[in-house]
Number of protein chains: 2
Amino acid sequence: MKFEAVTIKDIAKALGLSTSTVSRALRDSYEISPETKKLVLEYAEKINYRPNPIALSLKEKRSRSIGIIVCEIANSFFSQIINGIESIAYDKGYNVIIAQSHESYDRELINVQYLASRSIDGLLVSVSSETKDLEHLQSLHARGLPIVFFDRIVEDIDTHKVTVDNFKGAAEATAHLAATGHKHIAALANSEYLSITRERLAGYKEGLAQHGLPYDESLVKYCPHGGLIYEEVEQAMDELLSQKKKPDAIFATADKLTTNCLRYFKARNIRVPEDIALLGFSNIDLTELLSPSLSVVRQPAFEIGQVATNLLVDLIESKRPVKDFETQVLQPHLFIRESSLKKTKKK
Amino acid sequence: MKFEAVTIKDIAKALGLSTSTVSRALRDSYEISPETKKLVLEYAEKINYRPNPIALSLKEKRSRSIGIIVCEIANSFFSQIINGIESIAYDKGYNVIIAQSHESYDRELINVQYLASRSIDGLLVSVSSETKDLEHLQSLHARGLPIVFFDRIVEDIDTHKVTVDNFKGAAEATAHLAATGHKHIAALANSEYLSITRERLAGYKEGLAQHGLPYDESLVKYCPHGGLIYEEVEQAMDELLSQKKKPDAIFATADKLTTNCLRYFKARNIRVPEDIALLGFSNIDLTELLSPSLSVVRQPAFEIGQVATNLLVDLIESKRPVKDFETQVLQPHLFIRESSLKKTKKK
DNA sequence: CTGAAAGCGCTAACAT
DNA sequence: ATGTTAGCGCTTTCAG
């Protein structure tokens with residue numbers, strides 16, 4: 001079943017005009033007489049005429065839609081970003097098509113190609129935790145598709161990027177753990193391929209250094225799927241807790257790592273923060289309701305989405321090729337709650 | 001900046017063929033000789049030809065995209081549903097365009113009209129908590145746009161619908177609270193306009209009746225925005241707790257109501273379940289990690305999305321107008337955790 | 001001020 | 001087996 005829309009032709013026929021006159025009248029062209037305009041406008045209104053965006057797209061060679069690639073939308077951080085993206089996109093007359101990689105390089109590849117073939121005008125990308133090879137994005141970028149990276153950005157493609165000061169966020173978090181008396185702070189990290197992982201681990205080192213704590217590689221564990229799979233967190237934690245130098249605090253570099261780490265402690269009846277402290281990046285809204293309430297580094301997700309979208313639309317609508325690209329860095333915020341409470345206070 | 005795609009014309013020119021021959025070769029038509037096909041296919045592959053979906057849409061008068069209206073994507077229940085929708089949509093070659101009402105009728109209206117004007121092939125709708133007037137959907141439906149309602153369905157439009165057995169879920173939940181010794185079970189409900197609210201409150205009554213508890217209207221409070229705004233939950237709870245007959249248990253009918261109710265108790269230092277029990281509809285993944293862990297009625301969100309999408313695609317692709325519509329009812333599941341523990345046990 | 005015609009990329013009669 | 005043409009809805013020269 002199809003639902004037939006009114007076209008310009010219908011209006012032309014009904015009014016005894018040509019389609020071009022109707023088209024011009026609708027766009028308020030100076031060449032059309034006021035009377036004709038009025039006639040056309042009123043009739044169009046009456047029969048509820050809406051221009052066919054597909055025909056427009058074909059003509060203008062643009063679809064007024066932008067693609068988004070994220071790992072998961074059922075993740076507060078990304079759904080907040082998407083809210084930010086939509087708020088700007090709708091304002092500017094674009095709609096968004098969302099695709100999820102589920103942290104799989106293969107799915108990212110398929111999605112990117114799918115979106116590109118759907119003739120999107122631009123792409124907002126946060127790469128999957130498996131992504132090393134950037135050829136799929138590089139070739140599109142080289143062919144002129146505007147791309148803006150956010151959160152998980154990549155070095156090898158020169159375009160606009162939006163991220164937070166991961167180094168600072170991680171350094172503050174780690175420094176806080178150190179300042180509250182923790183001596184063996186482990187890092188539960190995302191995939192090593194990701195920019196955010198490198199930056200956050202660098203911040204972690206800095207935080208340790210600030211308090212004169214040594215950096216110990218055995219205290220750093222990577223989760224290739226960013227904690228999306230509980231088992232990988234479980235394994236990483238099992239390893240951490242079974243070594244001779246047992247950590248007394250965990251710094252987790254991503255949302256799912258943080259919550260799954262807490263899940264792990266619950267399952268093992270390990271008390272937080274009495275037995276071990278926990279602090280991680282997270283944008284969930286329920287941190288205060290958790291037991292214990294979670295200390296987190298929170299990112300301005302909505303703003304990330306807004307900024308990235310503004311940059312992308314600028315690229316799309318720029319008359320001439322853009323050469324000057326910028327990387328916008330927003331500020332994360334540290335929220336101290338129970339899970340990282342002072343060691344000395346509790347006992 | 002624009003990124004120019006390869007067209008059928010380019011191939012035709014390069015190979016000295018006509019566009020129709022190329023078109024037919026690409027679609028593996030029987031009228032084309034194997035050699036020509038091979039030639040075309042290989043060349044198309046080589047220059048990475050992708051058909052322009054916009055041109056196809058214009059020709060076929062279909063966009064292969066479906067619109068989704070939900071209140072919020074940053075809500076586990078809906079993001080899980082969207083995952084289900086996408087899983088089927090992508091399989092069937094459709095992409096999805098998501099719009100959020102944020103529980104506002106006005107935004108729903110704008111979004112519906114926007115989506116309709118973007119020539120979507122069909123619409124998946126869960127109405128906003130403010131929606132009473134259905135004219136915007138009715139007129140589209142009357143004009144032949146396939147629509148499937150999910151979760152928050154409406155009576156007055158005859159089409160496919162997908163929901164869960166809200167009556168049963170609510171009855172079981174309430175009966176559980178009654179069975180564990182609670183005598184004054186209050187209902188913290190969503191907007192009264194919603195089908196799910198009516199069904200869940202009917203189930204609530206049934207649960208009370210099963211245990212010989214009276215239905216008391218003063219124990220039922222509505223939140224017009226479904227708990228999206230904390231203050232409305234706060235006010236409803238303030239009212240409930242200030243009346244002479246103070247509830248000893250809360251049954252909440254929606255995700256945000258449940259978590260915001262818990263937030264309220266935390267803020268007031270009211271112990272759950274010792275001072276008051278809590279049980280509500282919720283699809284968040286962190287219920288076990290909350291303090292106390294939350295007893296919930298969980299809905300098969302992913303499946304709801306899948307079923308709804310299958311039904312919608314059936315409608316879209318049906319050759320003749322569909323008259324026989326169905327309402328699929330899936331089963332919710334009750335998970336008992338700490339927040340609704342037996343009154344007599346704790347003290 | 002208005003109309004006729006071409007063209008965006010593609011498909012499908014209708015030739016040949 | 002392949003080419004020609006028209007048309008999807010719209011805009012935009014180019015002619016009056």
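Just so it is clear: chains get the letters A, B, ... in the order the sequence lines come, proteins before strands, and each one is counted from 1.
- Remark on the helix from dC1(C)-dG16(D) to dT16(C)-dA1(D): inter-end axis angle 60°, axes from five-pair C1' superpositions, rounded to 10°.
- In this entry the distance linking CG of Leu26(B) with P of dC10(C) reads 9 Å, nearest Å.
- Straight-line distance from the NZ atom of Lys13(A) to the P atom of dG9(D): 10 Å, rounded to whole Å.
- Side chain of Thr7(B), nearest nucleotide from dC1(C), dC8(C), dC10(C): dC10(C).
- The nearest whole Å value for the distance from the CZ atom in Arg27(A) to the P atom in dG9(D) is 17 Å.
- Of the inter-residue distances, the one linking Leu315(A) atom CG with Leu123(A) atom CG reads 11.5 Å to the nearest 0.5 angstrom.
- Leu58(A) comes within 4.0 angstrom of a base, heavy atoms only.
- Partners of Arg50(B) under the side chain to side chain contact (heavy atoms under 4.5 Å, CB included) rule, at least two apart in sequence or in another chain, are Ser117(A), Asn48(B).
- Interface residues of residues 36-49 of chain A facing DNA chain C, ordered by number: Thr36(A); criterion, heavy-atom separation under 4.0 Å.
- A search for side chain to side chain donor-acceptor pair (under 3.5 Å) contacts involving Glu326(B) returns Gln328(B), not counting sequence neighbours.
- Both Gly16(B) and Lys59(B) sit near DNA chain D, but only Gly16(B) has its closest nucleotide nearer the 5' end.
- Within the nucleic acid shown, Ser23(A) comes within 4.0 Å of at least one base atom, counting heavy atoms only.
- Of the candidates Ser63(A), Ser65(A), Ser57(A), Ser63(A) is the only one forming a side-chain hydrogen bond (donor to acceptor under 3.5 Å, both in side chains) with Asp121(A).
- Distances were taken from every side-chain heavy atom of Ser18(A) (C-beta onward) to each of dC10(D), dG3(C), dT11(C); the shortest belongs to dG3(C).
- Across all strands shown, Leu17(B) has heavy atoms under 4.0 Å from sugar-phosphate atoms exclusively, and none from any base.
- For Ile8(A) and dG3(C), the CD1 to P distance is 13 Å, given to the nearest whole Å.
- Using a 30° and 60° split on the angle between ring planes, His136(B) and Tyr105(B) fall in the perpendicular class, above 60°.
- Asp324(B) is linked by a salt bridge (Lys or Arg N to Asp or Glu O under 4.0 Å) to nothing, counting only residues two or more places apart in sequence or in another chain.
- For Ala55(B), counting side-chain heavy atoms from C-beta on, the closest listed nucleotide (dC10(C), dT2(D), dT2(C)) is dC10(C).
- Rounded to a whole Å, the OH atom of Tyr30(A) is 12 Å from the C1' atom of dT2(C).
- In terms of phosphate contacts, Lys9(A) brings no side-chain nitrogen or oxygen within less than 4.0 Å of OP1 or OP2 of dG7(D).
- Nearest nucleotide to the side chain of Thr21(A), out of dC8(C), dT2(D), dG3(C): dG3(C).
- Rounded to an integer number of Å, the gap from CD1 of Ile32(A) to P of dT11(D) is 12 Å.
- Rounded to whole Å, atom P of dG9(D) lies 15 Å from atom CG of Leu56(B).
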Chi angles and distances behind the side chain to side chain donor-acceptor pair (under 3.5 Å) call for Gln100(B), Asn83(A): CA-CA 9 Å; Gln100(B) 307 184 65; Asn83(A) 273 350; 2.3 Å; yes

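- Checked against dG9(C), dA1(D), dA4(C), the side chain of Ser33(B) finds its nearest nucleotide in dA1(D).
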Listed pairs, N/O of protein and of nucleotides 13-16 of chain C, under 3.5 Å:
unit_1: dA13(C); atom_1: N6; unit_2: Arg24(B); atom_2: NH1; d: 3.3

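- Taking atom CD of Glu60(A) as the reference point, atom P of dG7(C) lies 19 Å away to the nearest angstrom.
- Looking at the side chain of Pro34(A), the nearest of the listed nucleotides dC10(C), dC1(C), dG7(C) is dC1(C).
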